[in-house]
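Let me begin by presenting the structure, written as structure tokens, before commenting on it.
Note that this is a predicted model, so its numbers are computed, not measured. So you know, we letter chains A, B, ... as the sequences are listed, proteins then strands, and number each from 1.
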Amino acid sequence: GAVVSQHPSRVICKSGTSVKIECRSLDFQATTMFWYRQFPKKSLMLMATSNEGSKATYEQGVEKDKFLINHASLTLSTLTVTSAHPEDSSFYICSAIRDTQYFGPGTRLTVL
Amino acid sequence: QKEVEQNSGPLSVPEGAIASLNCTYSDRGSQSFFWYRQYSGKSPELIMFIYSNGDKEDGRFTAQLNKASQYVSLLIRDSQPSDSATYLCAVKPSSGTYKYIFGTGTRLKVLA
């Protein structure tokens, strides 16, 4: 299967700070990546579609100014959680498209 | 609203038994179906996909698809405690987008 990495795997930050999460496709190029969040024991929630070279497409109810997505190359998409608050604490997972969706290992964000 | 439905479980089976996980979908034109396994605290991992009616076997896993009934299932033979996880059914919409519709997952417990 295809390899997708995420960095960092875990981050703890103070309220009001911004956090950047990277998603990389290691052995293939991905023009499309997806960003999900998942609360404990809950299902995946799609946040946005990241398109290389163009603006991300956000799902209804997801604040684009709070969750900034940049897909500047065919192997890298970043999600920046701006002015993080405790309610942003969650498990953030990216996926990249080759023949199907392959998920990164996830980033656990804790906002104090 | 396109939907994918799964019983949340938990489905408990004894070690060595066959575990049967089921999924129904509403988009009749869907062509591609995927099963992901998600261990607690980890991201989803693709285990099987199926496109054609009938059965597809891969080791201890068999995916079954019945498009007329809009039903897809996953059988796990000789279940092991290490198979204990949440299994997510995903459907690629008839529009062809890679924005899959995910079910909420079925939690499987294999009892030693």
Side-chain angles (χ1 to χ4, degrees), chain A residues 1-10 21 23-25 28-52 56-60 62 71 77 79 89-110, chain B residues 1-11 21 23-25 30-52 56 58-59 61 63 65 72 84-93 95-109:
Chain A
V3 180
V4 179
S5 71
Q6 273 184 252
H7 178 80
S9 57
R10 190 178 292 268
I21 302 169
C23 177
R24 291 182 187 272
S25 54
F28 65 102
Q29 294 181 329
T31 55
T32 301
M33 294 183 177
F34 295 102
W35 286 97
Y36 295 83
R37 68 188 295 183
Q38 188 175 38
F39 293 107
K41 299 192 186 302
K42 298 294 184 185
S43 56
L44 289 173
M45 188 196 88
L46 179 65
M47 299 176 67
T49 303
S50 173
N51 301 299
E52 187 270 334
T57 305
Y58 291 82
E59 295 300 301
Q60 193 171 6
V62 177
H71 194 152
S77 174
L79 167 69
S89 298
S90 189
F91 190 42
Y92 291 86
I93 313 171
C94 72
S95 70
I97 304 301
R98 197 174 69 179
D99 48 344
T100 185
Q101 278 199 45
Y102 292 94
F103 286 90
T107 296
R108 192 162 303 282
L109 170 64
T110 302
Chain B
Q1 178 80 1
K2 297 181 172 62
E3 292 180 346
V4 174
E5 304 220 353
Q6 296 181 255
N7 188 315
S8 60
L11 171 66
L21 305 162
C23 170
T24 59
Y25 60 94
S30 299
Q31 297 294 321
S32 307
F33 307 86
F34 306 87
W35 283 99
Y36 289 84
R37 176 176 62 200
Q38 186 175 24
Y39 290 113
S40 181
K42 303 294 185 183
S43 67
E45 170 194 13
L46 179 68
I47 51 173
M48 283 203 75
F49 58 87
I50 187 167
Y51 303 144
S52 304
K56 179 182 178 183
D58 183 0
F61 299 99
L65 175 60
V72 59
S84 298
T86 296
Y87 289 80
L88 302 172
C89 172
V91 175
K92 187 177 182 183
S95 61
T97 174
Y98 279 100
K99 199 165 86 170
Y100 298 168
I101 309 299
F102 282 87
T104 53
T106 298
R107 191 155 64 98
L108 173 67
K109 284 184 171 182

Over 12 foreign heavy atoms within 6.0 Å of NZ, B/Lys56: yes

- prompt: Which residue out of B/Ser32, B/Ala90, B/Pro44, B/Gly105 racks up the most heavy-atom pairs below 4.5 Å with chain A?
  reply: B/Pro44

query: B/Gln38, B/Lys92, B/Arg107: which one forms the most heavy-atom pairs within less than 4.5 Å of chain A?
result: B/Gln38

task: Would you check if the side chain of B/Ser43 reaches a backbone N or O of A/Ile93 as a donor-acceptor pair within less than 3.5 Å?
output: no

message: To the closest 0.5 Å, what do you measure between OH (B/Tyr36) and CD (A/Gln101)?
response: 5.0 Å

- line: Turns out that what part of A/Gln38 lies under 4.5 Å from chain B's heavy atoms comes down to side chain

field: Spatial distance of atom CZ (A/Phe103) from atom NZ (B/Lys42) [nearest 0.5 Å]
entry: 16.0 Å

message: So for B/Lys99, is it side chain, backbone, both, or neither that comes closer than 4.5 Å to the heavy atoms of chain A?
response: both

task: Heavy-atom distances under 4.5 Å only: say whether B/Phe49 touches chain A with side chain, backbone, both or neither.
output: neither

field: Proximity breakdown for A/Thr32 and chain B, heavy-atom pairs closer than 4.5 Å
entry: neither

field: Check: A/Thr100/B/Tyr100 side-chain N/O donor and acceptor closer than 3.5 Å
entry: yes

query: Checking heavy atoms, do the side chain of B/Phe102, its backbone, both or neither come under 4.5 Å from chain A?
result: side chain

task: Examine whether an atom of B/Glu45 lies under 4.5 Å from a heavy atom of chain A, and if so say whether it belongs to the side chain, the backbone or both; otherwise answer neither.
output: neither

- prompt: Where is the tightest heavy-atom contact between A/Asp99 and B/Tyr98, given as atom of each residue plus distance?
  reply: O-CE2, 3.5 Å

